[in-house]
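The structure presented is a predicted model; accordingly, all values stated were derived computationally and were not measured.
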Amino acid sequence: MNNSKKKKALKNKMNKVRSELVKAIDKNDHIKRDELISLYFTYLAEFEKN
């Protein structure tokens, strides 16, 4: 997979995680919130690396 497709796929994953994060915050689900924040930053680091 070329770089631009990888970046686009990562952006899509990040957007999905962000929307799930908003739902978790609304429901006051601290465990899921923390997991999603961690996942988001993992994707962000991968995005920045490419």
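By the criterion of side-chain heavy atoms lying less than 4.5 angstrom apart, applied directly or through intervening Ile, Leu, Val, Met, Phe, Trp or Tyr residues, V22 is not grouped with L39; the two fall into different hydrophobic clusters.
Here the CG atom belonging to D29 is positioned 8.5 Å from the CG atom belonging to L36, to the nearest 0.5 angstrom. Rounding to the nearest 0.5 Å gives a distance of 14.0 Å between CZ of F47 and CZ of F41. The NZ atom of K11 sits 9.0 Å away from the CZ atom of R18 when rounded to the nearest 0.5 Å. T42 contributes atom OG1, which lies 11.0 Å from atom CG of L10 (distance to the nearest 0.5 angstrom).
V17 has its side chain within reach of Y43: a pair of non-hydrogen atoms, C-beta onward, lies under 4.5 Å apart. A heavy-atom distance below 4.5 Å is found between the side chains of N28 and H30. Residues L44 and E48 meet the side-chain proximity criterion, which asks for heavy atoms closer than 4.5 Å.
A salt bridge links K23 and E20; the closest N-O separation between the charged side-chain nitrogens and carboxylate oxygens is under 4.0 Å.
Using a distance-only test at 3.5 Å, with no hydrogens or angles considered, no donor-acceptor pair links the side chain of S38 to the main chain of D34.
Each of M14, K16, K8 was scored for a side-chain contact (heavy atoms from CB on, under 4.5 Å) with N12, with one residue passing: K8.
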Before you tell me yes or no, could you show the steps for E46 and K49 under salt bridge (charged side-chain N to carboxylate O under 4.0 Å, His left out), namely the whole-Å CA-CA distance, both residues' side-chain angles and the distance that decides it to 0.1 Å? CA-CA 5 Å; E46 185 68 28; K49 193 168 71 171; 3.6 Å; yes
